[in-house]
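Since the structure comes first, as structure tokens, the remarks are kept for the end.
Quantities reported herein were computed from a predicted structural model and do not represent experimental measurements. All values below come from the heavy atoms of this structure, side chains included, with hydrogens, waters and symmetry mates left out. Proteins come first, then strands; the chains are lettered A, B, ... in the order of their sequence lines, and each starts at number 1.
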Amino acid sequence: MGKTITEKILAKAGEKKEVSPGDYVFLTSPCPVPGIGRGGPPIESMGAKFFDPNMAIVMDDHAGDGSFGTLMETEVGRARMKKRAKALGVPQSNVYINKGIGHLLAAENCWALPGTVYLSITNGHSTTMGGIGALALTLSYESTAYMILGRTWLRVPESYKMVLNGKLQDGVMSRDISDFVLGQLGPAGACYKILEWTGPVIDAMSMDGRFAICNDALHAGAKTGIVPPDQRTIDYVKSRCDKPFEPLVSDPDAKYEKTFTFDVTSLEPQVVAPPLRWTVKPVTEYTDIKISRAYIGTCFNSRIDDMRIAARVLKGKTIHPDVRLSITPGSNEVIKQAAREGILEIFADAGCEVPLPCCGMCGGFITPLIAEDVCICTGTCNYPGRSGHHDAQIYLGNPATVAASAIEGKIADPRKYLRGN
Amino acid sequence: MLDTKKLKGKAWVFGDILDVDFDIYPIELTKGEGRPKNEKDYGKYCMVNIDPEFPKKVKEGDFIIAGLNVGYGHDHETAPLAIKACGVSAVICESTNRNFLRNAVHIGLPVIELPGIKSKVKQGDELEANLKTGIVKNLTTGITMKFDPYPDFLLEILDAGGLYPLLRELLPKGEVPMYARIPRPQ
Ligand code: SF4
């Protein structure tokens, strides 16, 4: 009987011939575990050691400048983090301070590999690594226990097959598909399901697009998102590391609880309005909303694809005098590529703020929103207080929409800025 | 300590889509001086954006009855910590966000998915739950409801009051929890 990619990955990781939804598996991941420091009591307080210090990755992607409290507390936190890593035997090459958002570093360094279970300590957006064909899950509070025992448990979830047909218009991105589908499924529409993204649109989609479409599975309640690996995935991994891996894909006769089919050809850029994460409408519904702040970044949209499309919109333009636009490239590698392609120059000419690579404004860690602010951004959440003051209004959109809105001083459809350039 | 075979208490009924960082444990209240000093402190923020008096009204052993996708959003364990800290013995819901369920179980707070629960329980009803047999009884109305019983390796965690109390008990004796034993449990 045919099996889904998720069932095959879990059977292999759990050392079982085959598994079905509802079965429990007990598994160890071959991939390193990033985010030591958050998730359960410190290992030192348990009188225990890592089952393998080489599997631990220490990083501060959330810190930006303020997530540990004040700026000083953040720096104290960073210094402590480095000492702790050394004391726990974590190799220096596994320590990432101010190198970027962990979920981007995971892709750039192939911490997750096709066909594996990837366990990350940092938050629910670890699912973004489903783009590489891994079953990407979050350990959260269980992290210290996993780093001691080297074992976790999992109930095999059901899978939804998401078939994407047609062709995306210029200015409509994989994030818009993810938000549109969330709007259709609703906030409880995929509780404990796997969102398996397939179809010609996925085959044509860049790796950055695949990471983005898996990034926000949690807001529909899904356990994770996954894109079965193809040649594009294999080339991506092989160009970045020489670790062995065995890509797994779904059988043609695999069983899915439901199959959803969408044609994306007429899909418009989507906008999420405050305060509910699942109020999703086309950008044209909100084009009169005036804004005072805008930011591009976060683990959703801070990759080179996102920088490129923002630059195409901003090229030769300047930001509206009533608006501040902050663009946070997600990692040093993204900064280097953006510099190489003249993108940073476009951002500077347009009057953007370009902070160091981190989660930045997503959680209000740097340049938070004040009470009067109305902001459009590429963040993952928009509940009151998410990016600063409780009263600030947060709209969500793709990087092109955010850039176009920053030019006009109000929420704007980016597609007219992209024709011809 | 909670007896997972005989949870007993009053029902506090809430709605659908309770967000971990806004509804259950408003994370913005906990920044700066508001930061809780110890685990008990988390309880004073539980559900206050919905019912500011909830932490004062709820009694030890009571239940939270929730609708769809309780624990919505990020995987922050602060939400189940807040629920457990104000004395709640279990959350019974129509459906849950799995990160919320995992974190809850690992801190020793059972989360029971029981579709139809909202139609069978009113505010204030007296309930009894048994995680091993998978039965919830509404003592006020006499209705009995069934759910998938908890497997033994999760009951081991809950009976110890959470994953870390269990580890602190087992590790010094050179033992590991059931789910980590070799050969793997079936
Ligand atoms: S960018 Fe935002 S959602 Fe992503 S990991 Fe950082 S804080 Fe979390």
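Side chains of B:Tyr164 and A:Thr144 form a contact here, defined as non-hydrogen atoms less than 4.5 Å apart. Considering only heavy atoms from C-beta on, A:Tyr141 stays 4.5 Å or farther from B:His76 through its side chain. In this structure, the side chains of B:Pro26 and A:His390 stay at 4.5 Å or more apart for every pair of heavy atoms. Contact annotation: the side chain of A:Trp278 approaches that of B:Tyr72 to within less than 4.5 Å [non-hydrogen atoms, C-beta and beyond]. Side chains of B:Asn103 and A:Glu142 form no contact here, defined as non-hydrogen atoms less than 4.5 Å apart. A:Tyr24 has its side chain out of reach of B:Tyr179: every pair of non-hydrogen atoms, C-beta onward, lies at least 4.5 Å apart.
Taken from CD1 in B:Ile17 to CZ in A:Arg277, the straight-line distance is 13.0 Å, to the nearest 0.5 Å. A distance of 6.5 Å separates CZ of B:Arg98 from NZ of A:Lys223, quoted to the nearest 0.5 Å. The distance from atom CH2 of A:Trp153 to atom NE2 of B:His106, rounded to the nearest 0.5 Å, is 5.5 Å.
When atom types are taken as modelled, the side chain of B:Asn69 and the backbone of A:Pro187 share a donor-acceptor pair closer than 3.5 angstrom.
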### Query
Do A:Arg151 and B:Ile182 pass the side-chain contact (heavy atoms from CB on, under 4.5 Å) test, and can you show the C-alpha distance, the side-chain angles, and the key distance before you say yes or no?
CA-CA 10 Å; A:Arg151 175 80 66 80; B:Ile182 300 181; 3.4 Å; yes

### Message
Quick one, B:Asn99 with A:Ser140, criterion side-chain hydrogen bond (donor to acceptor under 3.5 Å, both in side chains). Give me CA distance, side-chain angles, the key distance, then yes/no.
### Response
CA-CA 8 Å; B:Asn99 286 330; A:Ser140 196; over 6 Å; no

### Query
After noting the C-alpha distance and the side-chain angles of A:Tyr383 and B:Ile27, does the key distance pass the side-chain contact (heavy atoms from CB on, under 4.5 Å) rule?
CA-CA 11 Å; A:Tyr383 57 79; B:Ile27 213 154; 4.3 Å; yes

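For B:Phe100, no part lies under 4.5 angstrom from a heavy atom of chain A. For a residue to count as touching a neighbouring chain, one of its non-hydrogen atoms must lie under 4.5 Å from one of that chain's; by this rule B:Ile107 touches chain A with backbone and side chain alike. If you measure heavy-atom distances from A:Leu218 to chain B, the contacts under 4.5 Å come from both the backbone and the side chain. Contacts between B:Leu154 and chain A at a heavy-atom distance below 4.5 Å involve the side chain alone, from C-beta outward. For A:Leu154, the parts sitting under 4.5 Å from any heavy atom of chain B are the backbone and the side chain alike. Residue A:Ser143 touches chain B through its backbone alone, counting heavy-atom pairs closer than 4.5 Å.
By the 6.0 Å and 45° rule, B:Arg184 does not stack over the aromatic ring of A:Phe26.
Applying side chain to side chain contact (heavy atoms under 4.5 Å, CB included) to B:Arg102 and the options A:Leu137, A:Thr138, A:Thr152 leaves one that passes, A:Thr152. Applying the side chain to side chain contact (heavy atoms under 4.5 Å, CB included) test between B:Phe22 and each of A:Pro384, A:Pro275, A:Cys381 identifies A:Pro384 as the sole match.
In this structure, B:Leu163 and A:Ala145 approach most closely via the heavy-atom pair CD2-CB, 3.4 Å.
Ranked by non-hydrogen atom pairs under 4.5 Å with chain B, the options A:Pro41, A:Ala188, A:Ser45, A:Gly124 are led by A:Pro41. Note: B:Leu167 leads B:Leu68, B:Asn49, B:Leu167, B:Asn97 in heavy-atom pairs under 4.5 Å with chain A.
Atom NZ of A:Lys16 is surrounded by more than 12 heavy atoms from other residues, nucleotides or ligands within 6.0 Å. Other residues, nucleotides and ligands contribute over 12 non-hydrogen atoms within 6.0 Å of the CG atom of A:Asp391.
Taking the six-membered ring for Trp and thresholds of 30 and 60 degrees, A:His219 and B:His74 have ring planes inclined between 30 and 60 degrees apart.
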